[in-house]
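Throughout, a chain's letter reflects where its sequence line sits, starting with A, and its residues are numbered from 1.
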Number of protein chains: 2
Amino acid sequence: MKWTDLDENWCPVARTLSLVGDRWTLLILRDCFLGMSKFDEFATSTGATRHIVSDRLKRLVEAEILEKVAYSERPKRFEYKLTDKGNEFGPALMTFRDWGKKHLPVRRPTHA
Amino acid sequence: MKWTDLDENWCPVARTLSLVGDRWTLLILRDCFLGMSKFDEFATSTGATRHIVSDRLKRLVEAEILEKVAYSERPKRFEYKLTDKGNEFGPALMTFRDWGKKHLPVRRPTHA
DNA sequence: TCCATAAAGTTCTTATTTGGAACTTGCTGC
DNA sequence: GCAGCAAGTTCCAAATAAGAACTTTATGGA
């Protein structure tokens, strides 16, 4: 079964997962909430390959979770901004954050 | 980059994703909250292959999100129960559910 | 002029994960 | 002793992801 097949599933959790249910997508969204908006920022911050970043941003724009807006003509440069729909996903990431903070503490500190 | 490399990441969202950040894992957890507990229930309900179900359950048990308990000796049969740690993940699934209900309505009704 | 750098992607090849189906094991009941 | 169930495992083919290099459009020097 392909995960895009979940998009008409009876369960709203499954439908949500069909769209954002993979780690790279969710990490990119986290970065959006941290204020990032550019392609290379996402690539560097998440550690995903440029290929993946490209693919996931495309999906997110298609789903109207992000909006692609030009911040420079010549050379054409774009940034990605959360739409209202995207912003409303914030609480979900906060539950992930809280659960992670409580149940998955870091053993060895990471230096920034 | 492999997603298990995220488990010591500075970001609690990333650490959470390293553990549960894929659609099958999250669907299995959804099923647990719906009261399911057996291998075949997960396989049927999620549509994941038995291979995947086996792998994900192993991970979840290892992470102490689920607990594998025998409900029958001879033949040995097991069920998977949410631990306290697992139960506390409930709010995350609820935010997914709520977001899905609001932003991803089903177009054509699925007949149960 | 020529070279370096930057952003935002795309392309390529190789490795890893999935998908799908069949097989296994230990028992129960007919 | 054959069929069926539950809980997996094994196998191979197909899909996805990883990693690095390349492209395009433009700016800032030396």
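Scanning residues 17-25 of chain B for heavy-atom distances under 4.0 Å to DNA chain D yields an empty list.
A donor-acceptor contact shorter than 3.5 Å is absent between the side chain of B:T46 and the backbone of B:I28. Judged purely by atom type and a 3.5 angstrom limit, A:T44 has no side-chain atom pairing as donor or acceptor with the backbone of A:E41. Within the 3.5 Å criterion, the main-chain N or O of B:V13 finds no donor-acceptor partner in the side chain of A:R97.
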(request) Please assess A:E88 against B:K102 for the test salt bridge (charged side-chain N to carboxylate O under 4.0 Å, His left out), listing each intermediate value before the final yes or no. (result) CA-CA 10 Å; A:E88 290 191 43; B:K102 175 158 184 191; 2.8 Å; yes
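For B:E62, the side chain to side chain contact (heavy atoms under 4.5 Å, CB included) criterion is met by no residue, not counting sequence neighbours.
Taking a heavy-atom distance under 4.0 Å as the criterion, the stretch of DNA chain C touched by chain B extends 5' to 3' from C:dT18 to C:dC27.
Taking the charged nitrogens against the carboxylate oxygens, B:E73 and B:K76 do have a contact shorter than 4.0 Å, which makes a salt bridge.
To the nearest 0.5 Å, atom CG of residue A:L27 and atom CG of residue B:L6 are 6.0 Å apart. The CG atom of A:D7 sits 8.5 Å away from atom CG of A:L19, with the distance rounded to the nearest 0.5 Å.
Sorted by first and then second residue, the salt bridge (Lys or Arg N to Asp or Glu O under 4.0 Å) pairs with a member in residues 45-59 of chain B read B:D22-B:R56, B:D40-B:R50, B:D55-B:R59; sequence neighbours excluded. Residue pairs satisfying the ring-ring contact (aromatic ring centres under 6.0 Å, His included) criterion with at least one member in residues 32-83 of chain A, sequence neighbours excluded, are absent.
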(request) Summarise how protein sits on nucleotides 6-13 of chain D as a single string, 5' to 3': B when a protein heavy atom is under 4.0 Å from the base, S for sugar-phosphate-only contact, - for no contact. (result) BBBBBB--
